[in-house]
Each structure stands twice: as structure tokens, then as C-alpha cells.
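What follows is a short report on a single structure.
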Amino acid sequence: MILMKVGIACSPGGHLTEALQMLRILNKHQIFFYTIDVEYTRKSLKKFKRYLIQNPIRNPFKYLSVIFSSLSVLLKEKPKVIISFGAGPTVPITLLGKLLFGSKLIYVECSAQVYEPSLSGKILYPFSDLFFVQWKYLKEKYGDKAIYGGLLI
Amino acid sequence: MILVATGTHTQQFNRLLEAVDNLVGNNGIDEKVVMQIGYSDYIPKNTKWFRFTGYSDMLKLLKNSSIVITHGGIGSVLLSLRLNRKTIVVPRLKKFFEHTNDHQLEIVKELTNQRKIIPVYDISKLHTAIKNAKSFKPNKSEKSNVILDMTSRFLSKLQRCL
């Protein structure tokens, strides 16, 4: 069977901690991580193929560099699937992957979102092939496509 | 051992660190304490501390702890619960410039209602929470494999089509 390329896009902190839980089912695939460069991501991802980018810090111009780095990673990796765990910095690579490269899009809403949807979730929901929420309150806030999956950690 | 975790959020959480440091200094805590201080500028005087570590080292520290006192970040809180540690949660608050909003209150409220954690909103109540932690019998966390199972099946199906 051909190994499939799977990209995992996540912000640092809890988003990465949730993403790492997914590794249990990804050992038959070629994976790479796309996240922000901080000590936690550097130390946690030493054994994996990873792209660590500079923190855009809510600056609209720094977001341009996120878009450029996303395109460059997509051109190099051409993932069949991108799994996004939020937040904002993961949106460009996930959306561009889906729209320009035909990657399947799996989104996991962070468990920090208990009662209200996140901005990245709202942006990526319409484009997702699989969309998970971890708290039951969010299922009706998103719609029929949202799957209540319980806590990943 | 008691582990104090402030996570990777880019603001300080001096309020928690100072409170624990003072308790240790006044002999209010008899166990060994280790503090993960993150971006805080308060440097503990009475306990071991470090700023950040990786995921597997964090798991080891959690496994060695009898009580975990953590900010309300879901990584720290849920890992602690997954490892069945007694978990005290002090949510970061916007008014103290510990976070950009008060969303940590959501997870603290939900998990308190489910009787899985001990919340501390007023830091002066931390000592009481630590004393109560010893006899606290939390409801167990039900781990769900739905996300892993459905993703696994989706990927297998996709791979067969290649």
C-alpha cells in the first residue's frame, strides 16, 4: 500500500498536545507537522518532520508570511490530507491545501472551546471533509456536518 | 510531589507562582514542589522551577505528581486528568493580564460541574484547595476514541483509493 502524506497543522500549547494524541493512528502514513516555533513545539517534535514558523502575533502583515510559508510547504509536501487543530495560523495551509491542492481537510475543534465556536472553526467548517467538536454544546452551533467526538486527551 | 503548570501561553501567571512559593516558604506545603513558570517574570525562591519542556517530559512530571496545580489550559488540565492526578485549576484572568480573555473559565466551570477538578478563582483560597485535594475523590474522565476511530477509518478508505 502506498504511504499517504498527512500534514498536521496546529498552534502551540494545547493544540499541539491534542494533535500528538492523533499519532496513535498515523503510524501507517508519512506525516509532517506545521506549527509555530516555540520551545514546546521544538522540544516535543524532535523526532518528526516539522515546519516551525515565526509567530504571526495577530499582525495582518505577518500573516502574509504565513501564507507564503504555507504555499511553500504545500508545494513541497503535497499532502493528501491536512488535519488542523486550530488556531489562526493553521488556516492558510489548511484552506490553501484544500482549495489549491485538493487535500482532504479534517478539523478538530480545540477542547478549550466549550460553549462557543472558534474563529478558525467557523472559517474551516464549510470546507471540511471531517469536522469534530469535543463538547456536545458545539454540535448544534456548527451544524449537521459537526461530529461530537468527546475529549481527545 | 506537587507540580505547578502555567503552560505555554505568552503572558505571565505570577499570581499562582507567588502564592505557591509563599506557601512553601511558610511551611504551608510539606511536599516537594516543582514549578513550570512559562513566560512569567516571577522567579520562585523556595521551589525548583523551569520555563518549558517537551510533551514527553511533561508526561513524566505529571506521572510523578500526587497533586497538579495548573492554569486553565486544556493541555495541562486534560493530561493531568487523563493520568488520574488530583487536579487543582486556577484559571488565568484577563483583569490580571494573565490572558487576553476569560475563556479559561469555561473549561473550569464545565469540569467543576462534572466534579473532576478543584477550581480556585480567589488565590487566597489555594491553601485550602491543596488541603482538600488529599481527600478529593474526582469523577473519572471518560476518554473517547471516536475522533481517532473515525479519522483512522477515513484515512484507510482514502488510502485504498490511491
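Here the structure is a predicted model, which means the values were calculated and not measured. Here is how names work: the chains are called A, B, and so on, in the same order as the sequence lines, proteins then strands, and each is numbered from 1.
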Could you look at B:T8 and say if it's the side chain, the backbone, both or neither that has a heavy atom under 4.5 Å from chain A?
side chain

Less than 4.5 Å to any heavy atom of chain A: does that hold for the side chain of B:F154, its backbone, both, or neither?
side chain

If you count heavy-atom pairs within less than 4.5 Å of chain B, which of A:T17, A:V6, A:L45, A:I25 leads?
A:I25

Between the CD atom in B:Q36 and the CH2 atom in B:W49, the distance rounded to the nearest 0.5 Å is 11.5 Å

Decide yes or no for B:V4 and B:V33: does some side-chain heavy atom of the first lie under 4.5 Å from some side-chain heavy atom of the second?
yes

Measure from the side-chain N and O atoms of A:R42 to the backbone N and O of A:L52, and report whether any donor-acceptor pair falls under 3.5 Å.
no

Residues of residues 116-133 of chain A near chain B, each having a heavy atom less than 4.5 Å away:
A:E116, A:D129, A:L130, A:F132

To check you understand the geometry: which heavy-atom pair defines the closest contact between B:P91 and B:F13, and what is its length?
O-CZ, 4.1 Å

Crowding at CZ, B:F97 (>12 non-hydrogen neighbours, <6.0 Å)
no

Are the side chain of B:R85 and the backbone of B:L83 linked by a donor-acceptor contact shorter than 3.5 Å?
yes

Can you find a side-chain donor-acceptor pair between A:D37 and A:N55 that sits under 3.5 Å?
no

With a 4.5 angstrom heavy-atom cut-off, could you sort out which part of A:K104 is near chain B: side chain, backbone, both or neither?
side chain

Kindly say whether B:K116 contributes a backbone atom to a donor-acceptor pair with the side chain of B:N139 at under 3.5 angstrom?
no

Listed by residue number, which members of residues 77-88 of chain A have a heavy atom under 4.5 Å from any heavy atom of chain B?
A:K80, A:V81, A:I83

Distance-minimising heavy-atom pair for A:P12 and A:T35
N-OG1, 3.8 Å

When A:G14, A:G13, A:C110, A:A112 are compared by non-hydrogen pairs under 4.5 Å with chain B, the top option
A:A112

Would you say A:Y51 and A:S69 are linked by a side-chain donor-acceptor pair, where the criterion is simply a distance under 3.5 Å?
no

Taking side chain as everything from C-beta outward and backbone as N, CA, C, O, which of these in B:L111 sits under 4.5 Å from a heavy atom of chain A? Side chain, backbone, both or neither.
side chain

May I ask you to decide if B:H103's main-chain N or O and B:N101's side chain share a donor-acceptor pair within less than 3.5 Å?
yes

Counting heavy-atom pairs under 4.5 Å to chain A, which of B:L162, B:V77, B:L148, B:I107 comes out on top?
B:L148

Counting distance only, does the side-chain N/O of A:S103 pair as donor-acceptor with the main-chain N or O of A:G97 below 3.5 Å?
yes

Anything in residues 55-76 of chain B with a heavy-atom distance to chain A below 4.5 Å? Please list those residues in order.
B:Y55, B:I74, B:G75

In Å, rounded to the nearest 0.5 Å, how long is the span from OG1 of B:T53 to NZ of A:K43?
5.0 Å

Mark yes or no for whether A:Q134, through its side chain, and A:E109, through its backbone, hold a donor-acceptor pair below 3.5 Å.
yes

If contact means a heavy atom pair closer than 4.5 Å, which residues of residues 141-153 of chain A contact chain B?
A:I147, A:Y148, A:G149, A:G150, A:L151, A:L152, A:I153

Looking only at heavy atoms, the pair that brings A:S111 and B:L78 closest together is OG-CD1, 3.3 Å

Rounded distance [0.5 Å steps], CD1 in A:I93 versus CG in A:L74:
4.5 Å

Would you verify whether the NZ or CZ of B:K109 falls within 45 degrees of the ring axis of A:Y115 while also being under 6.0 Å from that six-membered ring's centre?
yes

Inter-residue atom distance B:I117.CD1 - B:I88.CD1, 0.5 Å rounding:
10.0 Å

Check whether B:D21 reaches the backbone of B:K45 with its side chain - one donor and one acceptor, N or O, closer than 3.5 Å.
yes

Only one of B:Q104, B:R92, B:R15, B:H9 clears side-chain hydrogen bond (donor to acceptor under 3.5 Å, both in side chains) with B:E98; which?
B:R15

